Amino acid sequence: MTVVTRFAPSPTGYLHIGGARTALYNWLFARHFPDGKFYLRIEDTDRKRSTQDAVDAIFDGLTWLGLDWDGDPISQFERADQHRAAAERLLAEGKAYKCYCSPEELAAMRDAARKEGRQRMYDGTWRDRDPAEAPAGVDPVIRLKAPLEGETVIDDLVQGQVTVANAQLDDMVLLRADGTPTYMLAVVVDDHDMGITHVIRGDDHLTNAFRQTQLYLALGWDRPQFAHIPLIHGPDGAKMSKRHGALGVEAYRDDGFLPEALRNYLLRLGWSHGDDEIISTEQAIEWFGLENVGKSAARFDLVKLTNLNGHYIREADNHRLVDLIMARLDTAYPGKLAKEARDRLFKGMAGLKERAKTISELSENASFYALDRPIQMTEKASQQLGSEGTGLLRELRSVLETADTWSDEALMATAREFAETGGRKLGAVAQPVRAALTGSTVSPSVFEIMDVLGREETLGRIDDALTGP
RNA sequence: GUCCCCAUCGUCUAGCCCGGCCUAGGACACCUCCCUUUCACGGAGGAGACAGGGGUUCGAAUCCCCUUGGGGACGCCA
């Protein structure tokens with residue numbers, strides 16, 4: 001059997017972190033099989049809340065995450081005719097009926113149900129009532145004539161067997177009064193028509209699966225396999241939704257996270273493969289299976305994501321990192337970048353990348369390479385350049401001016417010799433240099449920096465510090 | 001309220017289905033030390049959990065029940 005999955009977001013906002021994980025799992029599961037398919041369906045039947053911006057944000061988010069879908073995205077709205085046809089068929093077969101209840105009546109039923117401790121809201125008023133009694137001028141909705149007795153069972157690939165009494169489920173609306181299909185109908189018809197074999201979605205849809213099962217039965221169609229994955233919770237333990245401040249994936253991109261880090265993090269949040277933590281996408285595709293998805297909700301932990309991001313930054317290609325930070329530096333310091341910026345960043349990247357956990361941090365830490373002289377000095381750095389520091393710097397400058405070899409190692413040897421001659425530790429000499437060269441007290445190795453900057457720029461920056469305010 | 005689901009270190013989890021190998025393993029975070037020109041990286045240690053109570057069993061983190069706690073769903077939204 002060919003595996004066919006789908007990601008079916010509603011375009012009412014950005015692609016948030018929970019949706020991203022759902023998409024990832026669907027994608028991974030489909031890609032795990034040689035001929036598996038992963039489709040994208042935009043659930044835009046709610047015309048009032050759906051926007052093209054949101055659709056674009058979903059495309060962008062998925063693309064950035066590296067989750068490619070097969071074929072063209074499907075618009076659920078555009079399939080309304082098929083949805084309607086299914087409802088009409090059910091109506092013709094006597095498996096659905098018209099209901100003329102007003103919103104007020106429905107509200108009263110809901111209140112009564114609550115008060116009596118029932119979950120089932122609609123009381124079936126029009127289920128067997130003669131349509132001849134229909135009030136004039138009222139457009140009816142179409143409801144499914146769902147079974148009143150017995151139970152509905154789903155064998156969920158993650159949750160196991162879950163059973164609910166049919167008495168708990170009321171007759172769901174299939175077609176609204178204006179003739180448009182509801183989500184419940186649209187999902188079932190679309191999943192069937194698209195040949196979806198595995199519905200992998202958040203477990204907030206678990207109860208929908210029962211109603212959808214009733215629909216599949218009524219329509220005489222085979223059900224797909226269901227896999228309801230636990231929701232991602234915020235640090236407070238409650239569902240992480242757009243309404244509760246969950247961020248879109250682009251926010252993580254802007255904050256300097258790498259897509260592979262987010263992918264790895266999201267993968268491990270609720271799924272495991274023994275003790276493995278760092279998992280490449282290739283391995284993930286090979287290993288991923290629904291049987292290893294946990295049943296309990298997980299809390300989103302930004303610190304762990306950050307750690308993972310640091311790992312992937314260290315592993316990332318230097319050219320890619322330079323491109324990423326040049327873009328940021330360009331906007332942070334318009335027109336102020338040195339013409340050697342790119343070359344220096346590339347040369348100094350090895351020392352830079354292991355000191356940053358996010359691209360934004362990397363970019364900030366790298367700015368001293370990219371900017372022209374004179375560089376800004378932090379307060380702490382200025383303190384390194386007191387009378388003692390300045391004196392050492394001046395002495396070292398003359399040594400540096402005549403240094404034979406301008407390389408990382410040679411420079412360090414020179415500085416060490418200079419320090420020891422004066423009975424000092426290397427650090428005493430290195431710190432003022434660091435301040436002069438980077439404007440900071442924290443940076444990669446100062447000798448590496450001198451090497452990257454070159455003699456002229458190094459001496460120039462030292463002079464700036466010596467003659468500065 | 002009703003229905004459904006969940007429950008191992010602070011967090012993510014392994015182990016659970018097929019009881020003994022568990023004096024419960026890993027990762028992040030935290031603490032100590034080492035490396036070291038700063039900060040990181042890296043390395044070595046440390047502290048840290050089977051929610052509670054009943055069963056079943058020679059033996060339970062693992063099976064059963066109850067309690068408690070948490071979550072989700074109850075729309076002519078998706």
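Within every chain, numbering begins at 1; the chains are lettered A, B, ... in the order of the sequence lines, protein sequences first and strands thereafter. Treat the numbers as computed from the prediction; the structure is a model and nothing was measured.
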Write down the distance between [atom1] ([X]) and [atom2] ([N]), rounded to a whole number of angstrom.
| X | N | atom1 | atom2 | answer |
| --- | --- | --- | --- | --- |
| A:R49 | B:G75 | CZ | P | 15 Å |
| A:L308 | B:A29 | CG | C1' | 14 Å |
| A:R299 | B:U13 | CZ | P | 11 Å |
| A:L174 | B:G75 | CG | C1' | 14 Å |
| A:E448 | B:A40 | CD | C1' | 12 Å |
| A:F7 | B:A78 | CZ | P | 16 Å |
| A:L185 | B:G75 | CG | C1' | 15 Å |
| A:N309 | B:A40 | CG | C1' | 15 Å |

Annotated protein contacts, base or backbone, on nucleotides 1-7 of chain B with a non-hydrogen cut-off under 4.0 Å, one of B, S, - each: BBBSSSS
Reading 5' to 3' through nucleotides 20-27 of chain B, protein heavy-atom contacts under 4.0 Å coded B for base, S for sugar-phosphate only, - for none: -----BBB
Residue pair A:N309 / A:I359: nearest heavy atoms and the distance that separates them: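 Taking A:N309 first and A:I359 second, the nearest heavy atoms are ND2-N, 4.4 Å.
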Could you please name the partner base of [N], counting Watson-Crick and G-U wobble pairs only when both distances are under 3.5 Å?
| N | value |
| --- | --- |
| B:C33 | B:G43 |
| B:A27 | B:U11 |
| B:G69 | B:C6 |
| B:C74 | B:G1 |
| B:A61 | none |

So, is the end of the [X] side chain (NZ or CZ) under 6.0 Å from the ring centre of [Y] and within 45° of the ring's axis?
| X | Y | value |
| --- | --- | --- |
| A:R47 | A:F77 | yes |
| A:R143 | A:Y122 | yes |
| A:R314 | A:Y312 | no |

Side-chain touch A:I42/A:F59, heavy atoms, less than 4.5 angstrom: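 A side-chain contact exists here, since the closest heavy-atom pair is under 4.5 Å.
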Sugar-phosphate, base or nothing in reach of [X], heavy atoms under 4.0 Å:
| X | result |
| --- | --- |
| A:H228 | nothing |
| A:G270 | sugar-phosphate |
| A:T45 | sugar-phosphate |
| A:S443 | base |
| A:N365 | nothing |
| A:P103 | nothing |
| A:A298 | sugar-phosphate |

A:E116, CD atom: more than 12 neighbouring heavy atoms under 6.0 Å: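 Correct, the count exceeds 12.
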Provide the distance between the two [atom1] atoms, one in [N] and one in [M], to the nearest whole Å.
| N | M | atom1 | answer |
| --- | --- | --- | --- |
| B:A44 | B:G26 | P | 12 Å |
| B:C50 | B:G15 | C1' | 10 Å |
| B:G53 | B:C17 | C1' | 25 Å |
| B:A29 | B:U11 | P | 16 Å |
| B:C16 | B:C76 | P | 44 Å |
| B:U2 | B:G46 | P | 50 Å |
| B:A61 | B:A51 | P | 10 Å |
| B:U8 | B:C3 | P | 25 Å |

If the threshold is 4.0 Å, N to carboxylate O, is there a salt bridge linking [X] and [Y]?
| X | Y | value |
| --- | --- | --- |
| A:R114 | A:D111 | no |
| A:K145 | A:D171 | no |
| A:D81 | A:R84 | yes |
| A:D193 | A:R79 | yes |
| A:E277 | A:K304 | yes |
| A:R344 | A:E457 | yes |

Parallel, tilted or perpendicular: ring planes of A:W287 versus A:H273, cut at 30 and 60 degrees: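 Rings of A:W287 and A:H273: parallel, as their planes differ by under 30°.
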Plane angle bin for A:F300 and A:Y265 - parallel if under 30°, tilted between 30 and 60°, otherwise perpendicular: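 Perpendicular, since the angle between the ring planes exceeds 60°.
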A:R434 side chain to A:S443 side chain, donor-acceptor N/O pair below 3.5 angstrom: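 Note: A:R434 and A:S443 side chains meet the donor-acceptor criterion.
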Pairwise 5' ranking along RNA chain B for A:L175 and A:F447, keeping only the more 5' one: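 That would be A:F447.
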Position toward the 5' end of RNA chain B (nearest nucleotide), A:K357 or A:D408: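 Mapping each residue to its closest nucleotide by heavy atoms, the 5'-most match is A:D408.
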Phosphate OP1/OP2 of B:G75 contacted by A:R110 side-chain N/O (<4.0 Å):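 Yes, because at least one side-chain N or O of A:R110 sits under 4.0 Å from OP1 or OP2 of B:G75.
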A:S445 vs B:U38: side-chain N/O to OP1/OP2 distance below 4.0 Å: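 Answer is no, no contact under 4.0 Å.
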Residues within residues 412-433 of chain A bordering RNA chain B, heavy-atom distance below 4.0 Å: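 Those residues whose heavy atoms fall under 4.0 Å from RNA chain B, taken from residues 412-433 of chain A in numerical order, are A:M412, A:R416, A:L426, A:G427, A:A430, A:Q431.
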